[in-house]
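Letters go in sequence order (proteins before strands), and every chain restarts at 1.
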Amino acid sequence: MINNDIKNIISEIENEYQKDIKLLNHNSLYLKYLGKKGVINSQFKEIQNLTQDLKIELAKKLNILKINIEKEIAEIETLEKSSKNELFDMTIPVSPTVSGNLHPITIVTRDLYQFFHYYGFSVFDGPEIEDDKHNFEMMGVPENHPARELQDTLYIMEPEALLRTQTSSIEARELEKQTPPIRFVTAGKVYRNETESKSNGAVFYQFQGVCVNKNITLTNLKWIFEKSLKFILGENTKIRFRSKYYPEVEPGLSPDIQCTFCKGDGCEICKNRGWIEIAGGGMIHAKTLEMSGIDPKQYSGFAFGWGLDRIAMARFNIKDIRLLMNGNIIYTNQK
Amino acid sequence: MKIPLNWLNNYIKLEHTPEEIGDILTNLEFMQDGPIIDNVLDIEVRQNRPDMLSIIGTAREYSAYINKKVNYPEQLENIEVEWNEPKDNLKVLNKEKVRRFCTIEINNIKVTKSPEHIKSALKSYGIPSINNVVDITNFVMLEYGIPLHAFDYKKLKKTADNAILTIRNAKNDEVFETWQKTKLTLSSNDLVVADAEKPVAIAGIIGGANSDIDEKTTHIILEGAVYDHSTIRKTSLKHGLRTDASTRHEKILNPEMVDTAIKRALKLIQNNCNGNILKIEDFYSPKANITSIDFNIFEIQRLGGIYVDPEEAISLLERLGFKIIDHKNAIGIDKNIIVVHVPAWRTDVDIEASLVEEVLRLKGYDQIPFEQIPSIAPDYATPKDLQLEEKIRDILMSLGASEHITIPIVKFSNKNNQIKLENPLNAEINGLRTSIRETLSIALERNQKAGNKNIKLFEVGKIFKQLKVGKYTEEKRIETLYSFKNLSNKEMFAKHVKPDFLSLLNSLGIDNANWIEKENHLKYYVEKNHIANLFSNGYEIIIQNLLNCVDVSNIPAVKIETTLSQKIIEEMSFIIDKNQSLGKISDVIKESSDNISSVEISDLYEDAKLGLEKASITLKVIFKDIDMNLTKKSIEEIKNKAIDVLSNMGIKLRN
């Protein structure tokens with residue numbers, strides 16, 4: 001054996017040790033290198049077979065290595081112990097880690113998407129710049145119809161290019177594109193040419209649902225209204241159903257919820273009605289289905305919709321609807 | 001619509017308390033709109049039911065509910081005067097805007113106070129009593145929902161060539177004074193009733209100052225009309241004139257109902273004002289036909305979901321005033337067809353589905369059971385871009401960013417192919433945004449003002465552009481904006497903006513993005529897809545293009561190391577020119593070995609000692625040693641290779 005070999009032996013042990021420091025804790029390291037059957041002791045046993053000079057040389061180097069490794073393992077042990085047991089004042093005041101937030105409308109919309117997903121409703125989207133056909137005509141509001149006064153429209157170029165006044169325009173497009181069975185929900189911004197106030201915005205969010213197939217009736221609409229309104233407003237919500245006019249449905253069927261403040265007796269919040277109009281709906285008008293290329297004698301469908309802003313306001317205790325979209329939301333965990 | 005219950009009682013004997021009547025009407029479709037005050041019920045009436053803007057309309061609904069007959073008031077029958085076409089008294093110039101205009105010329109009128117029952121009825125509704133003639137026109141309008149008007153014949157200016165009353169378009173800038181003495185400037189879009197000289201009424205809306213009935217009047221023309229409802233609505237909106245007449249005329253009225261209203265008024269005039277009918281001239285074109293619907297009773301089950309027996313359906317419809325003309329009873333429950341004639345006052349019923357609603361609302365919507373959707377759900381079809389959007393929201397939230405929604409309407413500035421709005425509420429909000437940061441910056445400023453030091457915002461929304469006149473596009477974008485009060489722009493970019501952006505790319509599974517330097521941003525692309533723009537204070541994601549480069553179902557992309565490896569970190573410092581692209585230096589180093597996983601800046605500073613246009617940069621080079629094969633020697637070799645290349649570029653290693 002020549003000196004180089006001794007060097008190699010030491011080197012090999014060192015290299016392996018360097019790798020192991022990263023992988024093993026101090027106990028395992030001790031066992032592997034310094035234990036009775038460890039690497040260093042095994043090496044000592046082997047040098048019995050060498051000449052006297054080499055024996056002394058290698059033994060010296062092995063001992064140095066052993067001492068270094070011992071020292072290091074002891075340090076590692078101290079480090080491990082202290083990082084487990086180090087005591088310090090844990091009552092120190094700190095700021096919570098900043099986390100991101102989703103917008104209240106997104107949160108409410110997502111909850112609804114998830115709910116409706118369970119019942120087989122996919123999600124679709126549509127353009128915000130619309131034409132007269134999809135925003136009005138297909139929804140039972142031809143030119144000059146009295147129902148046009150329900151919505152003041154923002155035009156890019158009257159009458160053909162406008163900003164959609166209801167998410168029903170998405171319904172119109174999807175009814176045209178799809179063939180039954182059709183089942184989806186959608187949500188999005190709608191635009192009105194109205195002055196903003198505490199309770200009304202010029203831009204707000206609507207949620208809409210559509211279901212078209214054979215054998216779809218008002219019983220199904222009533223059922224999905226009951227389920228979804230209780231989901232979003234609470235299991236104890238009292239709901240009543242009555243016919244209500246919307247040009248895009250016939251028969252119309254819409255829910256009112258009992259005012260939680262006066263329990264139906266009438267108070268300021270519910271304008272003395274005792275009940276609050278919450279949504280609109282009904283069987284999709286035969287003309288709408290026809291215009292979409294769906295035979296209204298073979299298929300029937302329901303459509304429903306409600307505003308998302310009030311739901312978000314109620315859930316997050318927002319008193320002024322304009323706060324939702326005027327850039328003034330301050331999330332308290334952002335400071 | 002206010003329904004004074006004492007008045008209602010004249011047409012149907014009330015069997016319920018006021019509160020109960022309010023509930024009954026609410027459940028029939030007409031929601032009670034406030035508390036009952038002084039025995040007056042207020043109900044909401046929507047665009048489809050102009051017949052319900054009348055007391056008798058409500059009587060019909062209530063009587064259908066309690067299954068009793070309406071007590072219709074007396075009319076004048078047996079009118080002996082000939083019913084003529086327009087001749088001397090009437091000329092209709094604008095026939096497309098007028099459906100019917102019926103004039104009755106009456107003399108020997110005695111104008112006095114109205115009888116007590118008419119005065120109190122009007123008072124309970126809230127209209128003041130004027131005199132017997134005017135009161136009768138208002139009274140009948142509220143009874144039947146058809147507005148009537150009376151002109152003082154003697155006050156009308158006449159010439160030989162003109163009819164007494166002409167229905168025509170106003171002339172542009174023609175001035176009109178209402179009976180309330182308000183002056184208005186009209187245009188040719190407005191329809192007027194005129195004498196030989198000037199307009200004496202804005203058709204369907206309001207009467208004029210100089211032809212109204214007073215105590216000296218003895219000779220009148222009574223008129224009842226139906227116009228093109230959209231003309232009335234437009235005029236009403238333009239001049240801000242909302243009257244009891246206009247709210248009715250802007251809905252769809254049946255011209256047949258004019259007969260009913262006129263005959264009722266004539267009876268009241270006969271009873272209370274004397275009067276002798278001289279002439280009747282009636283423009284009525286086109287005549288209204290009876291709406292007849294072949295109603296398959298099975299539709300009630302097909303649309304409503306409950307079985308209603310044909311006898312019951314027929315009974316319910318008859319109670320509401322529908323007439324069943326025929327019953328075609330074929331074999332099979334789905335072949336039970338009845339021929340239904342729609343009463344004249346119902347202009348909203350024209351299809352079978354309308355009759356289904358009539359049957360069910362009178363039967364009671366509470367009778368409709370709740371039933372699950374009977375069919376299996378169609379396949380999941382949510383488009384990928386919507387799925388991607390949601391995932392990006394989550395990633396941004398995990399990076400500590402907060403979502404805002406801002407209104408996409410801004411002040412028009414004609415830049416970037418911006419779209420202009422034709423009829424904005426005011427000139428400050430007359431364009432659509434061409435970038436999200438235009439409006440999201442409002443939220444950023446607000447957060448800064450609120451004292452927040454470290455701000456990360458994002459918005460998901462549309463931007464809009466005009467390609468050419470009549471052709472518009474909109475695109476979904478996601479944009480972030482950052483603001484860190486205590487950092488310089490450069491620091492914020494290097495510590496937060498770019499690292500977050502790269503983290504986002506990682507989460508999206510994108511590891512092959514390239515960038516091009518533009519004036520104030522980096523344009524990121526994957527192959528030919530322009531996926532994002534990186535700005536100094538945020539980044540913009542182009543969803544449609546990104547869609548081509550990601551696997552939506554594999555986001556967030558998680559990569560797990562499957563072999564043992566270690567990280568070795570080496571630092572290298574260089575002296576560079578101030579305007580040197582650091583990206584290039586980093587690329588050279590990365591290219592010198594496959595084992596280099598990343599290069600980051602750990603320090604960058606300027607010092608006069610280095611030279612005027614020079615700076616010192618320290619880079620942290622991270623080697624990934626898979627299977628633990630790298631030796632100190634091989635690492636040195638790799639470093640030297642990079643140093644050589646950089647040296648040839650004029651970038652010297654710093655000692």
Side-chain angles (χ1 to χ4, degrees), chain A residues 19 22 98-103 105-106 119-120 122-125 127-129 144 146-147 149 154-158 161 181 183 193 195 203 211 213 215-220 222-223 226 241-245 250-253 266 271-273 283 286 300 324-325 327-331 334-335, chain B residues 26-27 29 32 34-35 46-48 229-230 233 250-252 302-305 351 353-354 356-357 360-361 365 368-375 377-378 380-382 386 393 396-407 419 421-423 425 442-443 446-447 450 452 462 472 474 566 628:
Chain A
K19 287 185 191 172
K22 298 195 199 283
V98 170
S99 73
N101 294 285
L102 293 177
H103 192 275
I105 297 268
T106 300
Y119 291 103
S122 297
V123 178
F124 287 95
D125 196 2
E128 291 178 20
I129 296 179
N144 297 323
E149 80 179 49
L154 268 170
Y155 281 98
I156 295 171
M157 195 159 72
E158 185 165 4
R183 207 185 290 191
N193 201 7
T195 327
V203 178
C211 175
N213 205 349
N215 305 318
I216 301 294
T217 71
L218 286 175
T219 61
N220 312 129
K222 226 176 150 180
W223 170 81
E226 171 108 343
F241 295 92
R242 49 187 196 94
S243 75
K244 195 162 89 177
Y245 169 69
E250 185 87 302
L253 181 138
K271 299 186 206 170
N272 275 302
R273 294 168 180 168
M283 299 305 285
S300 55
L324 286 174
M325 281 194 260
N328 279 339
I329 289 186
I330 307 287
Y331 296 98
Q334 285 270 278
K335 298 196 181 248
Chain B
T26 297
N27 282 317
E29 199 179 308
Q32 182 180 339
R46 289 160 80 95
Q47 282 70 20
N48 60 328
H229 61 273
S230 65
R233 174 175 168 248
E250 65 187 17
K251 297 176 177 65
I252 299 174
R302 191 178 76 91
L303 296 176
I351 58 173
S354 309
V356 171
E357 187 177 87
L360 290 178
R361 74 181 177 90
Y365 270 29
I368 300 174
F370 298 84
E371 269 164 32
Q372 265 205 50
I373 298 172
S375 39
Y380 181 62
T382 301
L386 292 183
R393 270 197 172 95
L396 292 176
M397 185 167 66
S398 77
L399 290 170
S402 289
E403 186 182 12
H404 283 260
I405 299 178
T406 57
I407 296 177
I419 295 176
L421 294 174
E422 210 173 57
N423 62 334
L425 269 179
I442 299 169
R446 180 71 181 89
N447 269 266
N452 290 349
K462 295 235 170 124
Y472 312 102
E474 54 189 271
Q566 64 164 339
M628 319 264 246

Smallest heavy-atom separation, L303(B) atom then P251(A) atom, equals CD1-CD, 4.3 Å

Can you tell me how far apart CD1 (I216(A)) and OG (S375(B)) are? Round to the nearest 0.5 Å. 4.5 Å

With a 4.5 angstrom heavy-atom cut-off, is it the side chain or the backbone of H229(B) that approaches chain A, or both, or neither? side chain

Which atoms of L360(B) approach chain A - backbone, side chain, both or neither, heavy atom under 4.5 Å: side chain

Given that the side chain runs from C-beta out, which part of K271(A) has a heavy atom under 4.5 Å from chain B: side chain, backbone, both or neither? backbone

The reported gap from CG in L324(A) to OG1 in T406(B) (rounded to nearest 0.5 angstrom) is 12.5 Å

What part of N193(A) is in contact with chain B, defined as an atom under 4.5 angstrom from a non-hydrogen atom: side chain, backbone, both or neither? both

For E128(A), does its backbone N or O pair with a side-chain atom of E474(B) as donor and acceptor, under 3.5 Å? yes

Minimum heavy-atom separation for L253(A) and I368(B), please, with both atom names. CD1-CD1, 4.2 Å

Proximity breakdown for I419(B) and chain A, heavy-atom pairs closer than 4.5 Å: side chain

Just verifying a value: how many Å separate I330(A) CD1 and R446(B) CZ, rounded to the nearest 0.5 Å? 4.5 Å

I want to check something: taking the side chain as every heavy atom from C-beta on, are E226(A) and F370(B) in contact at a cut-off of under 4.5 Å? yes

Apply the test side-chain hydrogen bond (donor to acceptor under 3.5 Å, both in side chains) to residues N27(B) and R242(A): give CA-CA distance (whole Å), side-chain angles for both, the deciding distance (0.1 Å), then the verdict. CA-CA 6 Å; N27(B) 282 317; R242(A) 49 187 196 94; over 6 Å; no

Looking at G252(A), S243(A), G327(A), A286(A), which makes the most heavy-atom pairs under 4.5 Å with chain B? S243(A)

If you measure from CZ on R302(B) to CG on L218(A), what distance do you get to the nearest 0.5 Å? 11.5 Å

If one checks every heavy atom of M157(A) against chain B at 4.5 Å, the contacting part turns out to be both

Any idea which of N328(A), D125(A), I329(A) has the most non-hydrogen atom pairs under 4.5 angstrom with chain B? N328(A)

I351(B), part contacting chain A, at a heavy-atom distance under 4.5 Å: side chain

Minimum heavy-atom distance between S99(A) and S402(B), given as atom pair plus value: O-OG, 4.4 Å

Applying a strict 4.5 Å limit to non-hydrogen atoms, the region of Q32(B) in contact with chain A is backbone

Between atom CE of M397(B) and atom CG of L102(A), what is the distance when rounded to the nearest 0.5 Å? 4.0 Å

Between G304(B) and T217(A), which heavy-atom pair has the shortest distance, and what is it? C-CB, 3.8 Å

Do the side chain of N272(A) and the main chain of P35(B) share a donor and acceptor less than 3.5 angstrom apart? no

In the structure I gave you, are the side-chain heavy atoms of Y155(A) and L421(B) within less than 4.5 Å of one another anywhere? no

What are the two closest non-hydrogen atoms of G120(A) and A377(B), and how far apart are they? CA-CB, 3.5 Å

Between A381(B) and S122(A), the two heavy atoms sitting closest are N-OG, 2.8 Å

Does some side-chain heavy atom of Y331(A) sit less than 4.5 Å from a side-chain heavy atom of H404(B)? yes

Straight-line distance of E357(B) CD to M283(A) CE, nearest 0.5 Å: 12.0 Å

Looking at I442(B), L386(B), I252(B), V356(B), which one has more heavy-atom pairs under 4.5 Å with chain A than the rest? L386(B)

Intermediate values then yes/no, side-chain hydrogen bond (donor to acceptor under 3.5 Å, both in side chains), T106(A) and E403(B): CA-CA 9 Å; T106(A) 300; E403(B) 186 182 12; 2.9 Å; yes

Under 4.5 Å to a heavy atom of chain A? For S398(B) that would be neither

Taking the side chain as every heavy atom from C-beta outward, state whether I373(B) and W223(A) have any pair of such atoms under 4.5 Å apart. yes

Turns out that what part of L425(B) lies under 4.5 Å from chain A's heavy atoms comes down to both

Verdict with supporting geometry, K244(A) and R46(B), side chain to side chain contact (heavy atoms under 4.5 Å, CB included): CA-CA 9 Å; K244(A) 195 162 89 177; R46(B) 289 160 80 95; 4.1 Å; yes

